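The model shown is predicted, which means the values in this text are computed figures rather than measured ones.
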Amino acid sequence: MRKIEEVLRLSAQGKSVRVISRETGVSRPSVATYLEKAAEHEIGWPLPAGMDVQALEQLLFAAVETPKSTPVIPNWQEVATEIQAHNHLTLQLLWLEPR
C-alpha cells in the first residue's frame with residue numbers, strides 16, 4: 001500500500017525527498033511522484049476535511065483506461081498457399097526467422 005499520507009506529513013515538516021524516502025522506505029522517485037501529484041491537485045498536509053486514504057489515492061492515481069485491442073488472426077489459407085509457393089521454405093525456418 002502506498003504511504004502517501006506519511007510522505008505528505010513529512011514533506012510538510014520540511015524534510016527533503018531523500019530523508020522522506022529513507023524514513024518511509026519508499027523509493028526517491030516514488031516520493032517525488034507523490035509530491036508532484038499532490039501539488040498538481042493542491043493537496044497538502046493536513047488532508048482536506050473528509051478525505052481518507054482511499055479518496056486520496058483515487059484522486060492522485062486515477063486509473064487510466066487503455067483501449068483493448070483485438071488480436072489479429074491470420075488467414076491460414078493464405079499462409080499455407082504462401083508456404084507452398086516456396087519449395088525451400090519449411091515450418092522450422094519460419095519458426096526460427098523472427099528469433
Side-chain angles (χ1 to χ4, degrees):
M1 185 170 159
R2 296 183 177 116
K3 299 179 180 181
I4 301 170
E5 283 184 315
E6 187 70 12
V7 169
L8 292 176
R9 184 182 66 78
L10 293 172
S11 176
Q13 293 175 358
K15 297 191 178 185
S16 69
V17 171
R18 182 171 292 190
V19 172
I20 294 171
S21 174
R22 194 176 322 125
E23 289 185 14
T24 59
V26 177
S27 70
R28 280 185 284 164
S30 294
V31 169
T33 301
Y34 293 171
L35 295 175
E36 287 173 10
K37 288 183 177 280
E40 286 175 11
H41 293 283
E42 298 177 356
I43 295 176
W45 187 260
L47 293 177
M51 181 173 282
D52 61 349
V53 180
Q54 287 180 332
L56 179 62
E57 279 198 30
Q58 206 168 35
L59 178 66
L60 298 182
F61 301 98
V64 178
E65 289 188 33
T66 56
K68 295 187 178 187
S69 62
T70 57
V72 177
I73 300 173
N75 183 343
W76 294 112
Q77 186 62 40
E78 288 180 19
V79 172
T81 305
E82 186 70 25
I83 290 173
Q84 290 172 356
H86 302 282
N87 294 335
H88 66 282
L89 190 60
T90 64
L91 291 177
Q92 184 175 8
L93 288 173
L94 284 176
W95 177 256
L96 293 175
E97 185 176 329
R99 296 177 185 203

Just verifying a value: how many Å separate [X] [atom1] and [Y] [atom2], rounded to the nearest 0.5 Å?
| X | Y | atom1 | atom2 | result |
| --- | --- | --- | --- | --- |
| Leu35 | Ile4 | CG | CD1 | 10.5 Å |
| Leu60 | Glu36 | CG | CD | 12.0 Å |
| Ile43 | Leu56 | CD1 | CG | 5.5 Å |

Nearest heavy-atom neighbours spanning [X] and [Y]:
| X | Y | result |
| --- | --- | --- |
| Thr24 | Lys3 | O-NZ, 2.7 Å |
| Ser21 | Ser27 | OG-C, 3.7 Å |
| Glu5 | Val53 | OE1-CG2, 3.1 Å |
| Leu8 | Ala38 | CD2-CB, 3.6 Å |

So do [Y] and [X] actually touch side chain to side chain, heavy atoms under 4.5 Å?
| X | Y | value |
| --- | --- | --- |
| Leu10 | Val31 | no |
| Arg22 | Arg18 | yes |
| Tyr34 | Val26 | yes |

Checking Thr81 side chain against Gln77 main chain: does a donor-acceptor pair fall under 3.5 Å?
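Here the side-chain-to-backbone pair exists.
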
Taking Val7's backbone N and O only, do any of them form a donor-acceptor pair with Ser11's side chain (distance below 3.5 Å, no angle check)?
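It does not hold such a pair.
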
Before accepting this row, confirm whether a basic side-chain N of the pair Glu40/Lys37 lies closer than 4.0 Å to the acidic partner's carboxylate O.
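No, this pair does not count.
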
Look at the side-chain heavy atoms of Ile, Leu, Val, Met, Phe, Trp and Tyr, link any pair under 4.5 Å apart, and say whether Trp45 and Met51 land in one connected group.
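Hydrophobic grouping puts Trp45 with Met51.
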
Residue Glu23 excluded, over 12 heavy atoms near CD under 6.0 Å
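More than 12 heavy atoms, drawn from other residues, nucleotides or ligands, come within 6.0 Å of this atom.
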
